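Just so it is clear: chains get the letters A, B, ... in the order the sequence lines come, proteins before strands, and each one is counted from 1. Please read all numbers here as calculations on a predicted model, not as lab measurements.
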Amino acid sequence: MSSFFDLYNYWIFIFLMMTGFYIVIAQGNLVKKIIGLNIFQTSVFLLYISMGKVSGGTAPILIEADVSYSNPLPHVLILTAIVVGVATTAVAMALIVRIQKAYGTIEEQEIHEQDASL
Amino acid sequence: MSAVDLMLLSIAIPFVGAVLILSFGSVRIAGGHVREWLSVITSIALLLTVLPLLEKFMQGASIDYRMVEPIPGIWLHLSIEPLGMMFACIASLLWVVNTIYSIGYMRSNNEKNQTRFYVCFAIAIGSTLGLAFSANLLTLFIFYELLSISTYPLVAHKGNELAKKGARTYLAILMGSSIGFLLLAIIWTWSLAGTLDFRAGGILSEHIGEPVIGILLFLFIYGIGKAALMPLHKWLPAAMVAPTPVSALLHAVAVVKAGVFTVLKVIIYIFGPATLADSLAADWIMYLAGFSIVLASTIALFQDNLKRRLAYSTISQLSYVTIAAILVAPFSIMAAALHIAVHAFGKITLFFAAGSIYTATHKTEISQLKGIGRQMPWTMGAFAIGALSMIGIPPAAGFLSKWYLLMGTFQTQEWFVFGVIIISTLLNAAYFLPILYTAFIEKADDPIAQGTMQEAPLPIVIALTITAGLTLLLFFLPDIPLQLINGLPGVKS
Amino acid sequence: MISNHLPVLQVVLPLLAAPLCVLLKRSSLLWAFTLLVSILSAVIAWSLLQQTDAGIISYAIGGWAAPWGIEYRVDKLNAYVLLIVTGIGSLVMLGGRKSIEQEIDSKNLSLFYTAYLLCFAGLLGITITGDAFNVFVFLEISSLSSYALISLGRDRRALTAAYQYLVMGTIGATFILIGIGMMYMITGTLNMHDLAQRLPEAGSSRTMLTAFAFMFVGVSLKLALFPLHLWLPNAYAYAPSIVSAFLAGTATKVAVYVLLRFIFTIFGIEYAFTELPLSAILMLLAIAAILLATMSAIYESNMKRLFAYSSVAQLGYMVLGISFLSVTGLTSSLLHLFNHALMKAALFMALACVMYQQGGVMMDNLKGLGRRMPWTFAAIVIGGLSLVGVPLTVGFISKWYLLLAAIEAGQFVLVAVVLAGSLLALIYVWKLVEQGYFHSGNESITRQEAPLSMLIPTWLLVLANIYFGIDTSLTISVAQTTAEQLLGVTQ
């Protein structure tokens, strides 16, 4: 059982990922879909940060003392990924605004109905 | 000019002609459109190139040219061998006649899109020449497909639903069989033999055993949809919606002969007679071809539409070539090659006559032809000669190939084929002679038309008289084709 | 001097040029600038391909040596893909000006070109980089800018198409990110070359399987591998015509490259094909793609969608070639990568001409087009014949190798599938031909040919379709050596 809880951060990763994924699929509201997508992406950040952890390691700041550091590389990577995530959200939101202007709604169902009646 | 230059020129001329017609064809000048003159000039130029080429070839020049290598190991490669030379001569000679005929026909019937018609016609002839001179299967396949595509607009020429439907069948069967079976057979051959060259004795003989021979043979024979072996014959009657000059030159000569020509080339140069001589699959093809001959003739018997009857007659005559080729005896290969020439002259005459009747009287059904022999003596006279050739009665040329084919059956002791030929000759007579009877003996329903001459326009009459004359001439002077055919591997053994 | 820095210039040039576009206002300037950048990129790609004859080029970004720094690693495979992307990009841009001016709001023009160059830089970056995480970053650069590009289409359905693509694309990219993370967990490196050596040493584990699964699904999404292709038809159909032409010729090709890189270079044949039944999976998906997507194309009346479905099917051919795991099969995939880019770029450029003159690309717009726009329509017909695989076009060469691979493998069912695919393609191509040439009706059709500035690039692409179908010395030799490199076969 101990190994189960030892890896709790990975369980959280999986839980968040599935939650986000489910929202993307199940929600009909375009904004809510994007929120789901955000949760989905954020879960991956957690995965990366978890793997950079070295038990007993400190923040990777160079000091004289002989200490072990956490791996900084995943952190750096995830900084990039966060930026990408923000950009994605921004583009998505911009799209939603224009969809709202063009269709007058952001409900997927209603958009499909409008397109089908063309 | 060297022989190689002549060969390249002969393929280039029709394509150049097509480009010129496309560019300037619609311009009107005194006495018609530029396209008509350009077509005549192109066809004569082609003939004047092919004839010296024939002379050089007969003198024994070896003519071979490699262009590019699209797939490592396989060149676009042209070279001349006897069968191809004969085919090229037939196509270019008849193109001249057919062009004269086309002008008369297209003008009198006020056909639309004539520029497209002449352009596609020239491309089709150029492809036929390329096919005739191909030195390997890939090159042949390229021109084979080009021929299918370039003739499609000619079949769909009228642009109405009927024409489009016919053209769809045409393309679906020809391209379907060639992509579905022929291409597969070619690539398979390549992967087995490592070459696609046409070589005397065949390239496959050392590489394959029994089941594969059979499968490949079937893929080849049915892949060559242009040979119209039943049940892949439907495109030919469907193609009859095309204007008659198309039916005459392409669907009695160029396209269908390209089919049986390919069959012959594959049997002689790819499999090699020795490989097929004792193959069970060859027997099956023989039975299928025999069946095709008899069945197509029987169907022809019940067609009232003249062009359709001719089309079914073509299907049966094409299978003569296939059956003769698959017998792989010296005399039968000779018969197969000779039949390509003989049938071409006879069948084009018949189609010319059918188009002539349509142009002059707008009649398409045989039952409407009562007494037409007296109205159109030239047309029906030529028709009679063509019909005699189809049945195989001297002095029409059809007798020659049937003679050799029968000799071939004696050589191989294939009495099945002997029987098929006899039955089919009777059937041929049964569907051609009644037309002659209706035309010459029966009295016209309309008493006013009785006895008055009502021939088609002059170019049409000239054209059909020439081809009828050639049909007779070939009987008396078969030297040139026979000399060529004697050079084929497998004939002299 | 400069020639040593070509690998980085390949990406940096369009990347830096992109923001400069915002400063330019005049449409003609913007266009000329973008064209110049595209052509320079193509020149760089060409010289890189020449350089790879001497061996693999390794370039350390900023002088930080691999595996710690980011390495750009150019071998025959990526040089070849770079050439495809830049070549198609240049030709499309060459003919794009009028179409872009007509379809994009003048106030958005500079942003359009910026997004275009960003997308271009992203695609080049994915291809050239030797760092797994870098792939993800460039993938997102190209994807984000392509969402923006697609959404600029005039039809409002462009917006929903872009949104749909955004959601699916982000899921795909995130999957790739997870896959990369797992690989990092196993090996502690992100450098592909390094990964390739360390992954097999680590042996197969559940983490490795998970990494592979995430990578494979993520890349398949980007590649529009059936059944993950749902975003593609709408995205191509409603995007501005030039964007469709550009994406159809480049984006999916780059995704195929990524697939090849991950399967062959990083995970290795041993793992992917021996321990996992990847061959069977790829084969089944390819068959489904070829048959079902082609069927969908037959019933489609919007031509851009029609050719988009045909793209899905053609990607199936490429994947099928990979699944044979033979030199011939892989050669056919790589050939088709190049050939299909030519076909689709030519076709979508021709459709851009149609759009420019007729204002739509529905079947109805095609009626009598053979007379109204004879050159454009002839381009469509030749491109279509190339799709079918008629000899003397590039399509024939790809089909030849694919069929040869299938016959060599003794897989006659697959032979039948490929042939059936060709024949089905013939049906939809012929539907167009009948509409264009043999539609009897309005006889008083006047000529409305597209402007020469669009026609010439279209025809350059069409002629390339024919040229590379006859003179294949370049394509086949590159494809074959690349295939041998990937499979580790020494000549």
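- For the pair B/Val68/C/Thr472, no side-chain contact is recorded, criterion being any heavy-atom separation below 4.5 Å from C-beta on.
- Summarising the geometry, atom CG belonging to C/Leu392 is positioned 7.5 Å from atom CZ belonging to B/Phe143; distances are rounded to the nearest 0.5 Å.
- Using a 4.5 Å cut-off on side-chain heavy atoms (C-beta onward), B/Pro153 and C/Tyr437 make no contact.
- A distance of 10.5 Å separates CH2 of B/Trp190 from CD of C/Glu408, quoted to the nearest 0.5 Å.
- By the 4.5 Å heavy-atom criterion applied to side chains, B/Ile186 and C/Trp400 are counted as neighbours.
- Interface remark: C/Leu385 contributes side-chain atoms only to the contact with chain B (heavy atom separation under 4.5 Å).
- Neither the backbone nor the side chain of C/Tyr467 comes within less than 4.5 Å of any heavy atom of chain B.
- Just one residue in the list C/Leu404, C/Thr328, C/Leu403 forms a side-chain contact (heavy atoms from CB on, under 4.5 Å) with B/Ser191, and that residue is C/Leu404.
- Using a 4.5 Å cut-off between heavy atoms, C/Leu426 contacts chain B through its side chain alone, with no backbone atom that close.
- Closest heavy-atom contact between C/Pro391 and B/Ile142: CB-CG1, 3.4 Å.
- Using a 4.5 Å cut-off between heavy atoms, C/Val418 makes no contact with chain B at all.
- Ranked by heavy-atom pairs under 4.5 Å with chain C, the list B/Ala156, B/Ala167, B/Ala163 is led by B/Ala156.
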Q: Determine, stepwise, if the pair C/Ile407 / B/Leu184 fulfils side chain to side chain contact (heavy atoms under 4.5 Å, CB included).
A: CA-CA 9 Å; C/Ile407 291 175; B/Leu184 172 58; 3.7 Å; yes
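- The structure places CZ of C/Phe396 at 5.0 Å from CG of B/Leu138, a figure rounded to the nearest 0.5 Å.
- Of the two parts of B/Ile215, neither the backbone nor the side chain holds a non-hydrogen atom closer than 4.5 Å to a non-hydrogen atom of chain C.
- Contact annotation: the side chain of B/Met67 never approaches that of C/Ile470 to less than 4.5 Å [non-hydrogen atoms, C-beta and beyond].
- For C/Tyr401, the part sitting under 4.5 Å from any heavy atom of chain B is the side chain, from C-beta outward, and nothing else.
- With rounding to the nearest 0.5 Å, the separation of CH2 in C/Trp430 from CD1 in B/Ile149 is 5.5 Å.
- For B/Leu183, the part sitting under 4.5 Å from any heavy atom of chain C is the side chain, from C-beta outward, and nothing else.
- C/Val415 is not listed as a side-chain neighbour of B/Ile187, based on a closest heavy-atom distance of 4.5 Å or more.
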